[in-house]
Amino acid sequence: GHHAAGASKIKGLLSTISLVLECRDFRLPLSTHNPTLERAVAGRERLVVYTKSDLGADSARAARPALRRLYGPDRVLFWDKNRPATTDALLARLRDMAREQDSLTGLRALVVGMPNVGKSTLLNALRTAGTPPGQRRAKAARTGDQAGVTRRVGTAVRVVDPEDRSAGGVAGGVYVLDTPGIFQPYVDDGVTMVKVALAHGIKKGLIPDEILADYLLYRMNRWDPRLYARYCEPTNDVNEFLDAVARRDGKLKT
């Protein structure tokens, strides 16, 4: 229910929004692309932010130039919460856009994306980095390691303070609104669903853990079985793999 309500609220807000920050998980750059959401924000300037870029495989990093070409080099940013420079780069981009807009009421940006792609974490990082030295601010949005932590559209959070335009400032500042993750109404590709579930993009329990583990084992075997060498020899048997993990980590009941 909150997915539909969130999508409806987003559409209602678009008339007051100058920029859409669409977040996608860099580990799943294609699977976390939501065409339904993209259509909902059509007509607004958009910046695609690939979150969790530190967790992407080498193949994903090699695809960065192609992603930049797809949307334009100035419309794609790769963000890592553990690298302040990436947050600073996004803030600089927001400041530049705010100067171009030159509005007394400030630039209003809307953070959108599928569940658990890091929207709230991004907002908190922007708020912290944009706070002047010596001024501490609490987190603007709750975060968690599962889908559905954000259930409604939040209030506007100032991430860049108003500045003197005569000195090259951004006039009314920059404000960002957090939104709940919006999942596609229907996904006919089971593999995509399993990938998103492994990244905690859907509610836990909707896909049995054994299926998720079996698919993960399949992917590791295709990539490099040495990824789980500390647990057992290469295997295609998910039960053998899970037993080995349980023994190695001391999770077997006696």
Side-chain angles (χ1 to χ4, degrees), residues 2-3 23-34 49-64 78-87 113-125 128 138-151 178 180-181 183-184 187 189-254:
H2 72 276
H3 290 264
C23 294
R24 300 180 188 175
D25 191 326
F26 187 59
R27 298 171 297 177
L28 302 171
L30 301 181
S31 298
T32 52
H33 167 226
N34 187 341
V49 181
Y50 288 97
T51 61
K52 310 179 185 181
S53 62
D54 58 318
L55 302 178
D58 292 340
S59 57
R61 294 188 180 94
R64 286 187 177 190
F78 300 93
W79 182 72
D80 173 4
K81 69 177 182 180
N82 297 313
R83 290 182 58 210
T86 60
T87 304
M114 289 179 57
N116 205 34
V117 293
K119 300 181 299 297
S120 299
T121 302
L122 175 65
L123 173 57
N124 288 332
T128 299
K139 283 186 177 181
R142 289 196 307 122
T143 59
D145 66 346
Q146 58 184 322
V149 173
T150 302
R151 308 286 290 190
D178 195 15
F183 204 78
Q184 299 183 55
V187 178
D189 182 0
V191 173
T192 295
M193 282 294 293
V194 172
K195 288 179 179 179
V196 173
L198 279 169
H200 295 176
I202 64 174
K203 185 178 179 181
K204 293 179 181 179
L206 291 181
I207 298 179
D209 290 342
E210 291 81 2
I211 292 178
L212 296 180
D214 202 4
Y215 180 76
L216 181 61
L217 177 62
Y218 161 73
R219 297 295 301 186
M220 288 192 294
N221 280 334
R222 291 198 62 183
W223 185 265
D224 185 353
R226 289 176 296 180
L227 289 170
Y228 58 90
R230 66 183 181 276
Y231 295 113
C232 64
E233 296 295 319
T235 179
N236 286 317
D237 187 333
V238 67
N239 291 316
E240 179 182 342
F241 169 69
L242 290 175
D243 286 345
V245 172
R247 284 195 301 272
R248 174 71 165 73
D249 293 344
K251 300 298 182 180
L252 282 176
K253 292 183 177 180
T254 57

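A search for salt bridge (Lys or Arg N to Asp or Glu O under 4.0 Å) contacts involving D224 returns R226, not counting sequence neighbours. Looking at residues two or more places apart in sequence or on another chain, you find a salt bridge (Lys or Arg N to Asp or Glu O under 4.0 Å) between K52 and D25. F78 is linked by a ring-ring contact (aromatic ring centres under 6.0 Å, His included) to F26, Y50, counting only residues two or more places apart in sequence or in another chain.
To the nearest 0.5 Å, atoms CG (L252) and CG (D243) are separated by 7.0 Å. Here T128 contributes atom OG1 and N124 contributes atom CG; the two are 6.5 Å apart, rounded to the nearest 0.5 Å. Here NE2 of H200 is found 8.5 Å from CG of L212. Values are rounded to the nearest 0.5 Å. We find the CZ-SG distance between R247 and C232 to be 8.0 Å, quoted to the nearest 0.5 Å. Taking OG1 of T87 as the reference point, atom CG of N82 lies at 9.5 Å (rounded to 0.5 Å). Atoms CG and CG, from D209 and L242 in turn, are 9.5 Å apart once rounded to the nearest 0.5 Å.
T51 places no side-chain N or O within donor-acceptor distance of the main-chain N or O of W79, the cut-off being under 3.5 Å. T86 places a side-chain N or O within 3.5 Å of a backbone atom of R83 that can act as its donor or acceptor partner.
Between D249 and Y231 there is a side-chain heavy-atom pair separated by less than 4.5 Å.
Listed here is the closest heavy atom pair of E233 and Y228: O-CE1, 3.6 Å. Between S53 and R64 the shortest heavy-atom distance is CB-NH2, 3.6 Å. Here the closest heavy-atom approach between residue T235 and residue F241 is recorded as CG2-CB, 4.2 Å. The heavy-atom pair separating I202 from M193 by the smallest distance is CD1-CE, 3.9 Å. Between R27 and A199, the shortest heavy-atom contact is NH2-CB, 3.7 Å. Across G201 and P115, no two heavy atoms sit closer than the pair O-CB, 3.3 Å.
Under 3.5 Å, the side chains of D178 and S120 contain a donor-acceptor pair of N or O atoms.
For the pairing with K119, the side-chain contact (heavy atoms from CB on, under 4.5 Å) check across T121, V117, L123, N116 returns one residue only, V117.
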